[in-house]
Visitor: 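Below you will find the structure I want to go over with you.
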Amino acid sequence: AQKVTQAQTEISVVEKEDVTLDCVYETRDTTYYLFWYKQPPSGELVFLIRRNSFDEQNEISGRYSWNFQKSTSSFNFTITASQVVDSAVYFCALRGGFYNQGGKLIFGQGTELSVKP
Amino acid sequence: DGGITQSPKYLFRKEGQNVTLSCEQNLNHDAMYWYRQDPGQGLRLIYYSQIVNDFQKGDIAEGYSVSREKKESFPLTVTSAQKNPTAFYLCASSPTWTGGYSNQPQHFGDGTRLSIL
């Protein structure tokens, strides 16, 4: 079975704090892809990052960074110097092959991040 | 700009009524998906289509129906058999793939909020 767990339901920080959102996944596939999406209050899902299973390089994009560790099946997301505009629900998602329901995304339950001024 | 358009943004359903949610994309993607999001939860797959005139049930297809007569369009009908239709519905699309896997992210529309009158 494939599963994504985001254990943190809600996180509240003060602006300029660093914050890490945890994501743990389960899959038997050897090839798979991991994604992070942001859902602002308006509702649309905004793609942030993808990582494939054979590339464990960490990635940094501005204030965002991602730490992929296959050994612990984790794909954590860190926001450095958080800002109020970062307030949103963040979803981690897993995608296997298209044999699995057309390559559907399997989502975690989401982490609601609130950044206060 | 290419993207996915969902309409209407808000929809109300009366008891015993079928309602149809529209999803149109101009990204030239072959694969399209419908997800349902309930408060505080991740997204769950309702139906998906990998090619025109073909579609498959997802994890929670009961009470829903779809069609895929054109590449650009993938409407979702919420039938009267769906007893708990109140939710946020998101349509997504994805490029084609080779070799059974794709690292391409799914692109999402802005969603439709459905409520019961």
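Sequence lines set the chain letters: A, B, ... in the order given, protein chains first and strands last, and positions in each chain run from 1. Computation of the quantities below employed the complete heavy-atom set of this structure, encompassing side-chain atoms and omitting hydrogens, waters and symmetry-equivalent molecules.
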Visitor: Under a single-linkage definition using a 4.5 Å side-chain heavy-atom cutoff for Ile, Leu, Val, Met, Phe, Trp and Tyr, are A:I49 and A:Y90 assigned to the same hydrophobic cluster?
Guide: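 A:I49 clusters together with A:Y90.
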
Visitor: Between B:K9 and A:S42, what is the shortest heavy-atom contact and its length?
Guide: NZ-O, 4.3 Å

Visitor: Side chains of B:F108 and A:Q39: does their closest heavy-atom pair fall under 4.5 Å?
Guide: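 A side-chain contact under 4.5 Å is absent here.
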
Visitor: Between B:Y89 and A:L45, is there shared hydrophobic-cluster membership here, with clusters defined by ILVMFWY side-chain heavy atoms closer than 4.5 Å?
Guide: no

Visitor: Could you list which of residues 108-117 of chain A have a heavy atom closer than 4.5 Å to any heavy atom of chain B, in residue-number order?
Guide: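 Counting heavy atoms that sit under 4.5 Å from chain B, the residues of residues 108-117 of chain A involved are A:G108, A:Q109.
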
Visitor: Where on B:L90 is there a heavy atom nearer than 4.5 Å to chain A: the side chain, the backbone, both, or neither?
Guide: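 B:L90 touches chain A through side-chain heavy atoms alone.
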
Visitor: Tell me whether B:F74 shares a hydrophobic cluster with B:I60, the cluster being built from Ile, Leu, Val, Met, Phe, Trp, Tyr side chains joined at under 4.5 Å.
Guide: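 B:F74 and B:I60: one cluster.
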
Visitor: Mind checking side chain to side chain donor-acceptor pair (under 3.5 Å) for B:N28 and listing every partner two or more places apart, or none if nothing turns up?
Guide: B:K71

Visitor: What is the minimum heavy-atom distance between B:G42 and A:F91, and which atoms define it?
Guide: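 Between these two residues, the closest heavy atoms are CA-CE2, 3.6 Å.
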
Visitor: Can you tell if the side chain of A:F35 reaches within under 4.5 Å of the side chain of B:Q106, non-hydrogen atoms only?
Guide: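 No, side chains not in contact.
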
Visitor: To the closest 0.5 Å, what do you measure between CG (B:L43) and CD1 (A:I106)?
Guide: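 B:L43 atom CG to A:I106 atom CD1 measures 12.5 Å (nearest 0.5 Å).
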
Visitor: Do B:Y35 and B:I46 share a hydrophobic cluster, counting only Ile, Leu, Val, Met, Phe, Trp and Tyr and linking them when any side-chain heavy atoms are less than 4.5 Å apart?
Guide: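 Cluster IDs for B:Y35 and B:I46 differ.
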
Visitor: Chain A heavy atoms under 4.5 Å from B:R44: which part of the residue, side chain, backbone, both or neither?
Guide: neither

Visitor: Any side-chain to backbone donor/acceptor pair from B:Y33 onto A:L105? Under 3.5 Å, distance only.
Guide: no

Visitor: With sequence neighbours excluded, tell me which residues meet side chain to side chain donor-acceptor pair (under 3.5 Å) with B:T20.
Guide: B:T77

Visitor: Is there a continuous path of hydrophobic side-chain contacts, each under 4.5 Å between heavy atoms, that joins A:I79 to A:I11?
Guide: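 In one cluster: yes.
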
Visitor: Please list, chain by chain and in numerical order, all residues satisfying side chain to side chain contact (heavy atoms under 4.5 Å, CB included) with A:S65, sequence neighbours excluded.
Guide: A:I60, A:T78

Visitor: Against chain A, label B:Q6 side chain, backbone, both or neither, depending on which of its atoms sit under 4.5 Å from a heavy atom there.
Guide: neither

Visitor: With rounding to the nearest 0.5 Å, note down the distance linking OH in B:Y47 to NZ in A:K104.
Guide: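 With rounding to 0.5 Å, OH (B:Y47) is 14.5 Å from NZ (A:K104).
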
Visitor: For atom CD1 of B:I51, is the number of surrounding heavy atoms from other residues, nucleotides or ligands below 6.0 Å larger than 12?
Guide: no

Visitor: For each of A:R50, A:E44, A:R51, tally heavy-atom pairs with chain B at distances under 4.5 Å, and name the one with the top tally.
Guide: A:R50

